[in-house]
Amino acid sequence: SGKSGGAITLPDDRCLLGVDVGKFEQITLGMWVKPYEQDQAETSLFSCFDWNEGALHWLLLEDGLRLNVCINGNEPGEAPSEAGLTPNAWNHIALTYDSAKRTARVFINGRPDRSVKYREAIGLELFDFCVGGWNIDPRTFRGLIDEVRIYNRALMPSEVARWARGEAPQNGLELWW
């Protein structure tokens, strides 16, 4: 069972395929995850098939179950979270990105964890992506995923906090499953 209804669990070499959502100057991506023991150095929570400029990969590092944000064509190339996720428990994770401000923010359970300032103002391109795995590599997330949401704006910290308490905002909701 999921955080709020049914959750997905993925076989060893599969991911939940997304659709072409488009290019975003602002975006929020978030979901509920219940991580089990990870058997690889990094597993994928969200990855774009093509590693073109503006492609996003959001990884879970085995080392402390920390999140790692990767945006192709921008520096820093990787931005790991400070805190890790709680294993075998539901964790709410969210990533906001604002191209004009060149800033990404990672939230864990409604609390800000890491803010990253990028060198370039690059829009994120979410064309052909998958949730829970890497498109050509079996770095499948081990655990449950529920309530994946993509917003066409960078949510405010107070909105992310309410979302983690079960009050997901509707304004700007682009995709949800």
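The shown structure was predicted, so the numbers you read here are calculated from the model rather than taken from an experiment. Computed from heavy atoms alone, side chains included, the values below leave out hydrogens, waters and symmetry copies.
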Which residues satisfy the side-chain contact (heavy atoms from CB on, under 4.5 Å) test with E53, sequence neighbours excluded?
I122
What heavy-atom pair brings E78 and C70 nearest, and what distance separates the two atoms?
CG-SG, 3.7 Å
Contact summary for W58 and L29, nearest pair of heavy atoms
CE3-CD2, 3.6 Å
At their closest point, which heavy atom of I145 faces which heavy atom of M31, and how far apart are they?
CG2-SD, 3.9 Å
Could you check if a side-chain atom of L65 sits within less than 4.5 angstrom of a side-chain atom of L60, using non-hydrogen atoms only?
yes
Kindly compute the distance separating CG (L45) from CG (L95), expressed to the nearest 0.5 Å.
11.0 Å
Please check if the side chain of Y97 supplies one atom and the backbone of I71 the other of a donor-acceptor pair under 3.5 Å.
no
When you measure from the side chain of Q38 to the backbone N and O of R142, does any donor-acceptor pair fall under 3.5 Å?
yes
Taking the side chain from Q26 and the backbone from A154, do they hold a donor-acceptor pair closer than 3.5 Å?
yes
hydrophobic_cluster_shared for L56 and L175, side chain cutoff 4.5 Å:
yes
Test your reading of the model: is there a side-chain donor-acceptor pair from D50 to the backbone of C48, 3.5 Å cut-off?
no
Between the main-chain N or O of G54 and the side-chain N or O of N72, is there a donor-acceptor pair closer than 3.5 Å?
no
Can you name the closest pair of heavy atoms from N74 and R119 and give their distance?
OD1-N, 3.5 Å
Could I get the full list of ring-ring contact (aromatic ring centres under 6.0 Å, His included) partners for F46, not counting sequence neighbours?
F129
Run the ring-ring contact (aromatic ring centres under 6.0 Å, His included) test against W176 and tell me which residues pass, sequence neighbours left out.
none
CG/L61 to CG/N68 distance, rounded to the nearest 0.5 angstrom?
4.5 Å
Between W51 and H57, what is the ring plane arrangement, given parallel below 30°, perpendicular above 60°, and tilted in between?
tilted
Single-linkage hydrophobic cluster F107~I150, side-chain heavy atoms < 4.5 angstrom
no
Under 3.5 Å, side chain of D146 to main-chain N/O of W32, donor-acceptor pair present?
no
Can you run down the salt bridge (Lys or Arg N to Asp or Glu O under 4.0 Å) pairs that involve residues 88-109, sequence neighbours left out, and say none if there aren't any?
none
Considering all heavy atoms, the nearest I93-L85 contact:
CG2-CD2, 3.6 Å
Path from Y151 to V33 over hydrophobic side-chain contacts below 4.5 Å
no
Answer yes or no: is there a side-chain heavy-atom contact under 4.5 Å between V131 and F141?
no
All N/O donor-acceptor pairs, side-chain side in residues 155-166, below 3.5 Å, sequence neighbours left out:
unit_1	atom_1	unit_2	atom_2	d
E159	OE1	R153	NH1	3.1
E159	OE1	M156	N	2.8
E159	OE2	R153	NH1	3.3
E159	OE2	R153	NH2	2.6
W163	NE1	H92	NE2	3.3

Main-chain N/O of G172 paired with E174 side-chain donor or acceptor, under 3.5 Å:
no
Which pairs with one or both residues in residues 60-74 pass salt bridge (Lys or Arg N to Asp or Glu O under 4.0 Å), sequence neighbours excluded?
D63-R66
Is the count of non-hydrogen atoms from other residues, nucleotides or ligands lying under 6.0 Å from E167 atom CD greater than 12?
yes
Report the C-alpha distance between V69 and V116 in whole Å, list the side-chain angles of each, state the deciding distance to 0.1 Å, and finish with yes or no for side chain to side chain contact (heavy atoms under 4.5 Å, CB included).
CA-CA 9 Å; V69 177; V116 181; 5.9 Å; no
Can you measure from OG1 (T96) to CD1 (I27) and round to the nearest 0.5 angstrom?
10.5 Å
With respect to S99, which candidate in E120, K23, E25 satisfies the side-chain hydrogen bond (donor to acceptor under 3.5 Å, both in side chains) definition?
E25
Is a side-chain N or O of Q170 found less than 3.5 angstrom from the main chain of A168, in a donor-acceptor match?
yes
Smallest separation among heavy atoms of A89 and P35, with atom names:
O-CD, 3.6 Å
